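All values below come from the heavy atoms of this structure, side chains included, with hydrogens, waters and symmetry mates left out. Given the structure is predicted, the values throughout are model-derived calculations rather than measurements.
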Amino acid sequence: MSEHRVDVVVAVHNDARPVERAVASVLRERVPLRVLVVAHNVDPARITSRLAALADDPRVSVLALEDGVRSPANAFNHGVVAACADYVCIIGSDDELQAGALEAWVELGDRTGARAVVAPIVRDGGGVVPTPRIRPGRRRTLDADRDRLYERTAPLGLQRRAALGDLRYAEGLPRGVDQAYGLALWLGGGIVFDPTAPAYLEHADQSDRVTHVFGPLADDFAFLPGVLELLADRPLAVRRAVASKLLRVHLIPALTQRAGTSSLQAADLLAARAVAAQLRAVGPGSAGLLPRAPAEVLAALEGGASVADVAAVAGRSAPLWRRLVPARACWLLHRHAPLRLQMAAWFLTRRVRRAQRRLPSE
């Protein structure tokens with residue numbers, strides 16, 4: 001049996017990242033732990049130098065991984081395989097944990113026997129990531145569909161190592177390496193979330209996050225086959241909800257962002273049409289859950305509109321009601337339609353912010 005409860009994996013891809021900030025935030029926790037810093041395609045000695053005195057802490061290990069692949073998945077998996085504690089936690093090299101986070105998450109996981117503990121996420125400036133959009137009052141075992149776990153992609157928090165089995169991040173993808181991983185985790189059950197717990201602190205002060213690199217739209221959806229495989233035998237309600245989320249949060253923004261920077265290409269439209277067709281096939285009715293405004297973008301795309309026409313539709317301003325009323329009006333009060341999604345996001349944000357104000361200042 002391991003002497004520590006948590007293995008924290010910190011993947012770092014260059015020595016410009018403030019990895020010392022992430023590691024220092026972990027080492028101040030009182031729960032028995034180990035920090036596995038994976039030096040991914042970077043000289044481990046340079047990472048050790050960056051860590052300075054932190055590297056001398058017996059709880060810190062710097063692991064070398066040289067594979068020439070620009071994808072965070074390989075580094076995450078390298079750390080997960082090296083882990084031997086009860087729980088595994090993955091944090092970005094430019095992020096950190098709020099004081100007391102691991103202690104609170106471990107206590108919640110132990111008390112509930114959870115497979116995974118979802119962490120609240122707070123961004124620079126106090127912004128809250130409003131996922132998962134749980135039912136009011138929920139904080140223990142969650143239902144993947146009714147508590148909208150699909151709205152969260154990154155499985156930040158804790159995962160019980162013994163329950164992971166052979167679940168790993170999708171390697172070799174330019175983006176979306178955690179899409180299938182997170183979905184498999186949510187669909188497996190045993191998920192808990194306490195929005196009042198200390199949070200995962202996400203920073204945006206680095207300009208080279210691998211997951212934020214802009215590229216061809218087809219690359220954005222290289223993860224899709226893995227997700228479709230997971231959905232194949234699921235109930236229609238699940239398939240429709242996941243497909244709608246991917247249309248709303250990933251495909252439509254992929255088009256509008258490129259249109260907004262005049263970088264939308266004909267090849268992007270072809271790739272987007274293929275993605276839309278696959279999502280509609282796996283989740284019939286998924287487009288009906290979209291707000292009216294993005295549904296118009298999807299309609300233009302699927303109608304064979306040109307790059308200029310899709311960009312024009314994507315660039316239109318939308319009044320509030322067109323962002324809250326779904327394309328299929330009879331689904332106005334559906335739990336995955338925009339009105340209830342926005343209400344759930346507002347309530348969750350309020351709960352997290354109230355809890356943050358009660359936490360002791362560092």
Side-chain angles (χ1 to χ4, degrees), residues 121 127-136 144-153 176 179 182-183 186 217 220-221 224 227 231 236-261 264 268-269 271-305 307-350:
I121 303 176
V128 174
V129 176
T131 62
R133 299 181 184 184
I134 57 176
R135 289 168 286 173
D145 188 52
R146 287 182 290 173
D147 290 304
R148 309 174 185 89
L149 289 180
Y150 320 130
E151 294 297 315
R152 170 74 68 93
T153 296
Q179 288 281 349
L183 181 58
W186 309 148
L217 187 142
D220 292 3
F221 293 90
L224 192 56
V227 169
L231 292 176
L236 174 59
V238 172
R239 290 183 280 118
R240 178 183 291 148
V242 175
S244 179
K245 182 259 184 175
L246 291 173
L247 288 170
R248 170 174 44 85
V249 177
H250 299 278
L251 183 60
I252 304 302
L255 292 168
T256 56
Q257 289 165 7
R258 286 167 173 80
T261 58
L264 186 64
D268 294 327
L269 293 187
R273 289 184 185 115
V275 170
Q278 292 177 83
L279 292 176
R280 278 185 175 271
V282 76
S286 53
L289 289 169
L290 295 176
R292 292 287 177 91
E296 287 187 352
V297 179
L298 182 64
L301 171 74
E302 295 179 324
V307 169
D309 289 340
V310 171
V313 175
R316 291 176 188 165
S317 60
L320 180 61
W321 75 270
R322 295 187 68 78
R323 289 180 274 129
L324 294 179
V325 176
R328 188 172 181 181
C330 63
W331 281 348
L332 178 65
L333 298 181
H334 193 288
R335 63 175 164 263
H336 294 291
L339 181 61
R340 286 182 63 185
L341 282 174
Q342 290 302 316
M343 290 176 61
W346 183 83
F347 280 112
L348 175 61
T349 298
R350 187 177 67 166

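- Here the closest non-hydrogen pair linking Pro319 and Ser317 is CD-O, 4.1 Å.
- Arg292 and Ala329 get closest at one heavy-atom pair: NH2-CB, 3.7 Å.
- Using a 4.5 Å heavy-atom cutoff, the side chains of Leu298 and Arg280 are in contact.
- Remark: of the listed residues Ile252, Leu247, Leu251, Ile252 is the sole one forming a side-chain contact (heavy atoms from CB on, under 4.5 Å) with Val297.
- One N or O on the side chain of Arg240 and one on the backbone of Pro284 form a donor-acceptor pair closer than 3.5 Å.
- Residue pairs meeting the side chain to side chain donor-acceptor pair (under 3.5 Å) criterion with at least one member in residues 319-330, sequence neighbours excluded, are Glu296-Arg322.
- Interatomic distance, OG1 of Thr131 versus CG of Asp147, reported as 12.5 Å (0.5 Å rounding).
- Residues Leu255 and Leu269 form a side-chain contact, since some pair of their non-hydrogen atoms from C-beta on lies under 4.5 Å apart.
- Residue pairs meeting the ring-ring contact (aromatic ring centres under 6.0 Å, His included) criterion with at least one member in residues 273-303, sequence neighbours excluded, do not occur.
- Among pairs with a residue in residues 241-253, those fulfilling side chain to side chain donor-acceptor pair (under 3.5 Å) read Glu151-Arg248, Thr153-Lys245, Gln179-His250, Lys245-His250, at least two apart in sequence or across chains.
- Residue pairs that meet the side chain to side chain donor-acceptor pair (under 3.5 Å) test with at least one member in residues 329-340, sequence neighbours left out, are Asp145-Arg335, Asp145-His336.
- Closest of all the heavy-atom pairs between Asp220 and Ala254 is OD2-CB, 4.2 Å.
- Under the side-chain contact (heavy atoms from CB on, under 4.5 Å) criterion, Ala345 pairs with Pro130, Arg133, sequence neighbours left out.
- The ring-ring contact (aromatic ring centres under 6.0 Å, His included) test applied to Tyr150 returns no partner, not counting sequence neighbours.
- Here the closest heavy-atom approach between residue Leu217 and residue Asp268 is recorded as N-OD1, 3.2 Å.
- Note that CG of Leu246 is 8.0 Å distant from CG of Leu231, once rounded to the nearest 0.5 Å.
- Closest of all the heavy-atom pairs between Leu332 and Val325 is CD1-CA, 4.3 Å.
- When all heavy atoms are compared, the tightest approach of Pro132 to Leu348 is O-CD2, 3.1 Å.
- Put simply, the side chain of Val282 does not reach to within 4.5 Å of the side chain of Val242, judged on heavy atoms.
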